[in-house]
Asks: 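What follows is a single structure, and I will ask about it in a moment.
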Amino acid sequence: MDNLKDLLPDPLNLIGGRWIPAASAREMEVRSPVDGAVFAAIADSGPEDVDAAVRAARAAFDGGDWSKLTAAERGRLMLKLSARIADEAEALARLETRDNGKPLKQARADMLVTARYFEFYGGAADKVHGEVIPFLTGYNVEMHREPHGVTGHIIPWNYPAQMFARSLAPALAMGNATVLKPAEDACLTALRIAELAREVGFPDGAINVVTGRGEVAGKALSEHPGVDFLSFTGSPEVGVMIQVAAAKNFIGCTLELGGKSPQIVFADADLEAAYPVIVNAIIQNGGQTCSAGSRILIERPIYDQVMAELARRFGEIVCSDSSDENAVLGPLISARQKQRVERYIEEADAPLVARGTIAGNAPEGGYYVPAALFGPCDPTSRIAQEEVFGPVLCAIPFDDEAEAIRIANDTEYGLVTGLWTRDGSRQQRVSKAMRCGQVFINGYGAGGGVELPFGGVRKSGHGREKGFEALHEFSRIKTIVNNHG
Ligand code: NAD
């Protein structure tokens with residue numbers, strides 16, 4: 001990892017095209033989850049830094065070089081950035097692994113998706129058109145789709161590079177000028193990609209990045225009167241604060257707040273196809289994925305058979321140093337998150353069916369938590385209702401389709417559902433009955449799918465990211481009515 005040093009960003013913010021320290025000159029230590037050691041620092045920014053970033057974005061949007069680019073020119077810049085990310089993918093993946101603790105394989109996959117976001121939205125930038133609406137005789141009515149202006153983005157630590165791209169790419173494609181507050185627990189790849197954006201020629205102020213603590217820098221961004229739209233991904237608790245802040249400034253927001261997503265396995269399912277997907281959906285990224293498949297609902301006649309096989313597979317999962325080529329489960333993000341997940345495991349009111357292990361050579365001081373499989377779980381119990389955000393799967397038996405639907409929908413969340421059945425009619429019926437934003441039939445997509453609109457209902461949040469829907473979120477309609485006689 002020696003070459004990592006060249007890639008480590010200085011503890012600076014990107015404001016108006018320049019890398020500058022926090023006005024207070026304060027910094028925060030960055031620890032690696034792999035061994036708990038401090039290995040970098042970021043700026044510990046305050047409201048004055050956020051204010052400078054918002055002003056820089058405003059200048060870029062209101063007459064600055066960014067505002068003068070055509071949609072096609074914006075798209076080309078984004079394609080250039082996509083290519084730069086792809087060129088630097090291996091180094092970025094290693095940085096992500098060090099900073100976030102995710103296995104190298106996962107980090108490599110993340111960088112491909114990150115590049116893909118800028119490719120997809122770069123290609124889309126000049127393909128979002130307005131409409132002409134038939135109206136009264138003598139009138140011409142046009143519907144224009146305009147950027148909001150300055151968009152504020154607050155992202156979490158679980159996929160720092162992907163979230164940077166997922167949130168910023170559609171906003172930039174529509175012509176907004178952006179201010180991003182990445183998470184204090186992991187944000188180094190986001191800073192590096194911001195630098196790549198500068199190098200490929202994004203005009204000053206189009207992308208501003210301010211690091212720091214959520215309750216200081218994040219709060220200041222969410223409450224800033226110069227922000228025209230907010231995009232937030234993180235916990236429901238902070239999501240509520242963001243929504244209140246948006247309401248006070250009379251602006252819109254999208255919230256992506258996690259879930260307790262079920263996979264429903266009917267007795268006619270292709271189980272051999274389902275097993276690896278079910279395990280991966282909760283092990284991927286240490287279960288620290290908003291769309292993690294954290295509940296498994298199993299039709300009673302196959303419950304024992306499915307659990308026996310899942311127990312075998314969970315028992316074989318080894319937590320290890322994320323930089324090992326074959327690591328599938330690394331450490332969790334922080335000591336705090338480790339404690340939180342361990343508490344859920346200790347206090348679970350259900351039989352523990354299987355537990356993974358920690359590799360003997362896993363670095364001391366890392367935040368390792370072996371995978372855990374619980375079942376049968378009472379669907380109303382804490383472990384079956386609350387988002388653990390760790391490698392913890394809870395199994396619930398069901399007797400028929402109606403009961404499966406009821407249990408699947410019976411949490412405060414509603415993000416993704418996985419459905420395993422060969423019965424085509426059942427696939428349709430159950431998909432339509434699910435109260436969530438995405439349904440996968442005979443598969444499961446935690447993450448990925450840049451083209452696929454994604455978002456939740458209720459405590460999972462609202463608004464849609466990814467796909468063309470994100471372009472609609474990051475723009476608004478203006479109707480121009482012309483009485484030409
Ligand atoms: P969080 O919501 O506190 O942090 C997410 C982002 O919001 C970070 O950038 C943080 O700095 C910022 N933030 C924090 N407080 C803020 C405030 N008052 N105003 C504005 N911004 C603020 O999440 P966390 O504490 O890192 O994780 C806690 C739990 O949230 C996790 O255990 C998990 O259940 C959930 N979570 C969900 C997702 C997701 O992808 N949906 C991501 C991260 C965490």
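Ligands are counted one by one from 1 in listed order, and the atoms in each one are counted from 1 as well. Position 1 is the first residue of the sequence; numbering continues from there.
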Asks: Is atom 2 (O) of ligand 1 less than 4.0 angstrom from at least one protein heavy atom?
Replies: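 It does: a protein heavy atom is found less than 4.0 Å away from atom 2 (O) of ligand 1.
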Asks: Looking only at heavy atoms of Y159, does any of them come nearer than 4.0 Å to an atom of ligand 1?
Replies: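 No; Y159 lies far enough from ligand 1 that no heavy-atom distance drops under 4.0 Å.
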Asks: Considering distance alone, does some N or O of G258 sit under 3.5 Å from an N or O of ligand 1?
Replies: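 By distance alone, the answer is yes.
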Asks: With nothing but distance in play, are any N or O atoms of E387 less than 3.5 Å from an N or O of ligand 1?
Replies: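 Yes, at least one N or O pair falls under 3.5 Å.
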Asks: With a 4.0 Å cut-off on heavy atoms, does R336 reach ligand 1?
Replies: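 Contact check R336 vs ligand 1: positive.
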Asks: Just to verify, what does A183 make a side chain to side chain contact (heavy atoms under 4.5 Å, CB included) with, not counting sequence neighbours?
Replies: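 In terms of side chain to side chain contact (heavy atoms under 4.5 Å, CB included), with neighbours along the sequence ignored, A183 is linked to W157.
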Asks: Considering the heavy atoms of Q337, write down every atom of ligand 1 situated less than 4.0 Å from one of them.
Replies: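 Result: 32 (O).
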Asks: Considering non-hydrogen atoms only, spot the tightest contact between A115 and S82 and give its length.
Replies: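 Scanning both residues, the minimum pair turns out to be O-OG, 2.7 Å.
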Asks: Can you find an N/O atom of S222 closer than 3.5 Å to an N/O atom of ligand 1?
Replies: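 Between S222 and ligand 1 (N or O atoms, distance only) the closest approach is not under 3.5 Å.
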Asks: Which residues pass the side chain to side chain contact (heavy atoms under 4.5 Å, CB included) test with A220, not counting sequence neighbours?
Replies: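 Listed in chain order: P47, V50.
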Asks: Which of the numbered atoms in ligand 1 are below 4.0 angstrom from a heavy atom of L257?
Replies: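 Ligand 1 atoms under the 4.0 Å threshold to L257: 41 (N).
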Asks: Quick check on contacts: which atoms of ligand 1 are under 4.0 angstrom from a heavy atom of M241?
Replies: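 In order of number, 18 (N).
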Asks: Does atom CG (D62) have a neighbourhood of more than 12 heavy atoms from anything else shown, all under 6.0 Å?
Replies: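 Check passes, neighbour count above 12.
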Asks: The test is side-chain hydrogen bond (donor to acceptor under 3.5 Å, both in side chains); show your working for S323 and D321 and say whether it passes.
Replies: CA-CA 6 Å; S323 53; D321 184 335; 2.8 Å; yes
Asks: Going by heavy atoms, is G239 under 4.0 Å from ligand 1?
Replies: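 Checking ligand 1 against G239, which is what was asked, there is no heavy-atom contact under 4.0 Å.
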Asks: Please say whether I155 places an N or O atom under 3.5 Å from an N or O atom belonging to ligand 1.
Replies: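 Between I155 and ligand 1 (N or O atoms, distance only) the closest approach is under 3.5 Å.
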Asks: Are any of the N/O atoms in R340 less than 3.5 Å from those in ligand 1?
Replies: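 The answer is yes, given that R340 and ligand 1 share an N or O pair closer than 3.5 Å.
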Asks: Could you check if a side-chain atom of N285 sits within less than 4.5 angstrom of a side-chain atom of N100, using non-hydrogen atoms only?
Replies: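 Sidechains of N100 and N285: in contact.
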Asks: Contact between E237 and ligand 1, counting heavy atoms under 4.0 Å?
Replies: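 Under 4.0 Å: no for E237.
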Asks: Decide if atom NZ of K219 counts as having more than 12 heavy atoms of other residues, nucleotides or ligands within a radius under 6.0 Å.
Replies: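 No, NZ of K219 has 12 or fewer neighbouring heavy atoms, counting only those of other groups under 6.0 Å.
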Asks: Enter the distance from F202:CZ to R74:CZ here, rounded to the nearest 0.5 Å.
Replies: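 Going from CZ on F202 over to CZ on R74, the span is 10.0 Å.
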Asks: Tell me, which protein residue and heavy-atom name are nearest atom 12 (C) of ligand 1, and how many Å apart are they?
Replies: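 Residue, atom and distance for the closest contact: I154 CG2, 3.6 Å.
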Asks: Just going by heavy-atom distances, which of S235, G259, P236, G152 is nearest to atom 28 (C) of ligand 1?
Replies: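 Answer by nearest heavy atom: S235.
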Asks: In terms of residue, atom name and distance, what is the protein heavy atom nearest to atom 44 (C) of ligand 1?
Replies: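 Protein heavy atom at minimum distance: F389 CE2, 3.6 Å.
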Asks: Quick one: which ligand 1 atoms are inside 4.0 Å of a heavy atom on W157?
Replies: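 Here the atoms of ligand 1 in question are 24 (P), 26 (O), 27 (O).
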Asks: Does I242 have a heavy atom less than 4.0 Å from any atom of ligand 1?
Replies: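 A heavy atom of I242 does come that close to ligand 1.
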Asks: Is there a nitrogen or oxygen of R213 sitting under 3.5 Å from a nitrogen or oxygen of ligand 1?
Replies: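 Between R213 and ligand 1, no N or O pair is found under 3.5 Å apart.
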Asks: If you look at every heavy atom in A190 and L180, which pair is closest and at what distance?
Replies: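 Looks like CB-CD2, 4.5 Å.
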Asks: Using a strict 4.0 Å cut-off to heavy atoms of E256, name the atoms of ligand 1 that fall inside it.
Replies: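 Once the distances to E256 are compared, the set is 41 (N).
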Asks: Does NZ or CZ of K102 fall inside the cone over Y159's six-membered ring, less than 6.0 Å from its centre and within 45° of the axis?
Replies: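 Cation-pi check for K102 and Y159: passes.
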Asks: Mind telling me whether Y444 and F440 have parallel, tilted or perpendicular rings, with 30° and 60° as the class edges?
Replies: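 Because their plane-to-plane angle lies in the 30° to 60° range, the rings of F440 and Y444 count as tilted.
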Asks: Counting C-beta onward and ignoring hydrogens, is there a side-chain heavy-atom pair between R98 and V34 closer than 4.5 Å?
Replies: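 Of all side-chain heavy-atom pairs linking V34 with R98, at least one is under 4.5 Å.
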Asks: Identify the protein heavy atom lying closest to atom 14 (C) of ligand 1, giving its residue, its atom name and the separation to 0.1 Å.
Replies: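 Nearest protein contact, heavy atoms only, for atom 14 (C) of ligand 1 is G214 CA, 3.5 Å.
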Asks: Any idea which heavy atoms bring Y413 and R435 closest together, and the distance?
Replies: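 So the two residues come closest at O-NH2, 4.3 Å.
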Asks: Assign the ring pair F229 / H148 to parallel, tilted or perpendicular, where the plane angle (0 to 90°) is split at 30° and 60°.
Replies: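 Parallel: the ring planes of F229 and H148 meet at under 30°.
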Asks: Which of the numbered atoms in ligand 1 are below 4.0 angstrom from a heavy atom of P156?
Replies: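 Checking each atom against P156, I get 42 (C), 43 (C).
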Asks: Within ligand 1, which atoms have a heavy atom of G218 less than 4.0 Å away?
Replies: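 Those of ligand 1 that fall under 4.0 Å from G218 are 19 (N), 20 (C), 21 (N).
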Asks: Of the backbone atoms (N, CA, C, O) and the side-chain heavy atoms from C-beta on, which set of P182 has a member under 4.0 Å from an atom of ligand 1: side chain, backbone, both, or neither?
Replies: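 For P182, only backbone atoms sit under 4.0 Å from ligand 1.
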Asks: Which pair of non-hydrogen atoms, one from S45 and one from T211, has the smallest distance, and what is that distance?
Replies: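 Scanning both residues completely, I find the closest heavy atoms to be OG-O, 2.5 Å.
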Asks: So which heavy atom in the protein is nearest atom 11 (O) of ligand 1, and how far is it from that ligand atom?
Replies: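 For this ligand atom, the closest protein heavy atom is E184 OE1, 2.5 Å.
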Asks: With heavy atoms of C290 as the reference, note each atom of ligand 1 found under 4.0 Å away.
Replies: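 Heavy-atom distances to C290 below 4.0 Å select 39 (C), 40 (O), 41 (N).
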